[in-house]
Amino acid sequence: MLPNHAPLSVAEQFALLEALHPGRIDLGLGRASGSDPVSAHMLRSPRGAYGSQGETFPSDVRLVTTLLGSDRTATNEPFGDDQPGARLDIDGKSFQLKASPRLATAPEVWLLGSSNFSADLAATLGMPFVYANHFGQTGIEEALDLYRSRFQPSDAVHAPKTFVTASISVDQTAEEARIVALPQLIMIARSRSPRPLDAQLTIDEALRADLTPSERQTVAEMSERWLIGTPPEVEQRIRALTTQYGADEVMVLPVGGAYAADPMGTTPSRERALRLLAGRFPELS
């Protein structure tokens, strides 16, 4: 979430990761702060404030990609002697700023979004685009169509490249998959209401939770948009998602909660979901 961080800090952190693991690092840049206005302000004032995201985000993205070299170099292609960097003018003096450590390859930089703004920016900059479908909102088809129709090839990316995310809850029965998803569903519903957020409920607490009509409606709507069910059911929906939107990749986000009796710091339902689902995609092994 770029509004929460200085572009140079992001570039140098991912330059270090790329130096340690060449060709294995992707960087996703998002425009939302991912928090409330007060927290956003404390994280990075004033650029983390809601009102300034649209103003600085495009230039911040360009700065990060320029510092890393991802604006002109495809992933895993070695750099020449002319290393990536950004030229800054401060008080009438010109400075050349480069990310450290010195890179031999560039991490691939994706633009993450759930709106036409992000889709249009990714298309304009010639960047791969991630649609944040795991939120469960509408608008994915319009955003992806806009991205592909306006895409301008860059040195790094020659054709539109997309993946979509999906929140999943997978278990041996569809009913158990629905039950373990309840804590996260309720957390999302309450985040959209004036009610102060607290720690996520356990599954036991979620089953007893007293929800407002608005929260119950949000839970019901999100349950339909998330991929919840048995392994064959969720596999079918993932494959349909890929086909329907022409996505090059799908990233799954397991959202199962924990029972009160589960050891602290563990969520067995999420591990179980991934194990059950992995067996449905032998082509990935």
Side-chain angles (χ1 to χ4, degrees), residues 1-4 10 14 24-35 53 57 61 75 107-123 127-148 151 157 160-171 177-178 180-181 183-185 187-189 191-192 200 218-219 221-229 231 233-257 267 269-278 280-281 283-284:
M1 298 294 100
L2 194 51
N4 297 341
V10 173
F14 278 81
R24 296 183 60 191
I25 303 300
D26 284 2
L27 167 59
L29 300 177
R31 184 169 68 109
S33 67
S35 186
Q53 291 176 28
F57 184 68
V61 170
T75 304
E108 186 166 34
V109 183
W110 295 71
L111 200 65
L112 167 68
S114 59
S115 68
N116 288 353
F117 176 95
S118 297
D120 185 58
L121 181 59
M127 297 176 63
F129 178 57
V130 184
Y131 188 83
N133 187 58
H134 61 284
F135 293 143
Q137 75 290 334
T138 59
I140 178 173
E141 189 166 359
E142 181 181 356
L144 292 178
D145 286 348
L146 184 149
Y147 167 71
R148 293 184 177 114
F151 183 82
V157 184
K161 185 176 182 180
T162 63
F163 79 70
V164 297
T165 60
S167 295
I168 65 163
S169 182
V170 187
D171 221 303
R178 186 192 66 80
V180 300
Q184 184 71 5
L185 286 166
M187 176 70 79
I188 296 293
S191 72
R192 299 179 180 180
Q200 181 168 297
T218 300
V219 167
E221 291 174 353
M222 297 290 286
S223 297
E224 290 297 317
R225 295 171 186 161
W226 287 4
L227 312 188
I228 300 174
E233 290 170 342
V234 175
E235 175 207 354
Q236 183 179 29
R237 292 187 65 183
I238 289 175
R239 294 189 185 279
L241 189 71
T242 306
T243 302
Q244 181 178 357
Y245 299 117
D248 298 295
E249 301 177 36
V250 173
M251 176 185 288
V252 296
L253 172 67
V255 294
T267 46
S269 64
R270 297 185 184 188
E271 298 175 15
R272 185 165 61 251
L274 292 175
R275 291 194 182 98
L276 289 171
L277 195 57
R280 306 296 304 184
F281 294 88
E283 67 269 29
L284 302 180

For Gln200 and Gly257, the nearest pair of non-hydrogen atoms, with its separation, is NE2-CA, 4.3 Å
Rounded to the nearest 0.5 Å, the CE atom of Met222 sits from the NE2 atom of His134 at a distance of 9.0 Å
Where do Leu2 and Phe57 land on the side chain to side chain contact (heavy atoms under 4.5 Å, CB included) test, with the steps shown first? CA-CA 7 Å; Leu2 194 51; Phe57 184 68; 3.9 Å; yes
The side chain to side chain contact (heavy atoms under 4.5 Å, CB included) partner of Val234 among Leu276, Leu277, Ile228, Val252 is Leu277
Find out whether Tyr131 and Thr162 are in side-chain contact, i.e. whether some heavy atom of one side chain is under 4.5 Å from a heavy atom of the other. no
Are Leu112 and Met1 packed together at the side-chain level, in the sense that at least one heavy-atom pair is separated by less than 4.5 angstrom? yes
Here the pair of heavy atoms bringing Ala166 nearest to Leu227 is CB-CD1, 3.8 Å
Which atom of Leu185 lies closest to which atom of Ser223, heavy atoms considered: CD1-OG, 3.3 Å
Distance-only, no hydrogens or angles: does the Thr165 side chain make a donor-acceptor pair with backbone N or O of Met251 under 3.5 Å? no
Taken in chain and number order and not counting sequence neighbours, the residues that satisfy side chain to side chain donor-acceptor pair (under 3.5 Å) with Arg239 are Glu235, Glu283
Any side-chain heavy-atom pair from Leu144 and Phe129 closer than 4.5 angstrom? yes
Could you check whether any side-chain N or O of Asp248 sits under 3.5 Å from a backbone N or O of Phe163, counting only pairs where one atom can act as donor and the other as acceptor? no
Considering all heavy atoms of both residues, which atom of Val180 and which atom of Ala177 are nearest to each other, and what is their separation? CG2-O, 3.4 Å
All heavy atoms of Glu108 vs all of Pro128, minimum pair found to be OE2-CG, 4.1 Å
Sub-3.5 Å donor-acceptor pair from the side chain of Ser167 to the main-chain atoms of Trp226, do we have one? no
To the nearest 0.5 Å, what is the distance between CG (Leu241) and CD1 (Ile140)? 5.5 Å
Do you know which two heavy atoms are closest between Gly30 and Pro3, and how far apart they sit? O-CD, 3.3 Å
Should Ile238 and Arg280 count as side-chain neighbours, where that means a heavy-atom distance under 4.5 Å? no
Would you say Tyr147's side chain and Lys161's backbone share a donor-acceptor pair under 3.5 angstrom? yes
Can you list the residues that meet the salt bridge (charged side-chain N to carboxylate O under 4.0 Å, His left out) rule with Arg272, with sequence neighbours excluded? Asp171
Return the CE to CG distance between Met127 and Leu111, rounded to the nearest 0.5 Å. 5.0 Å
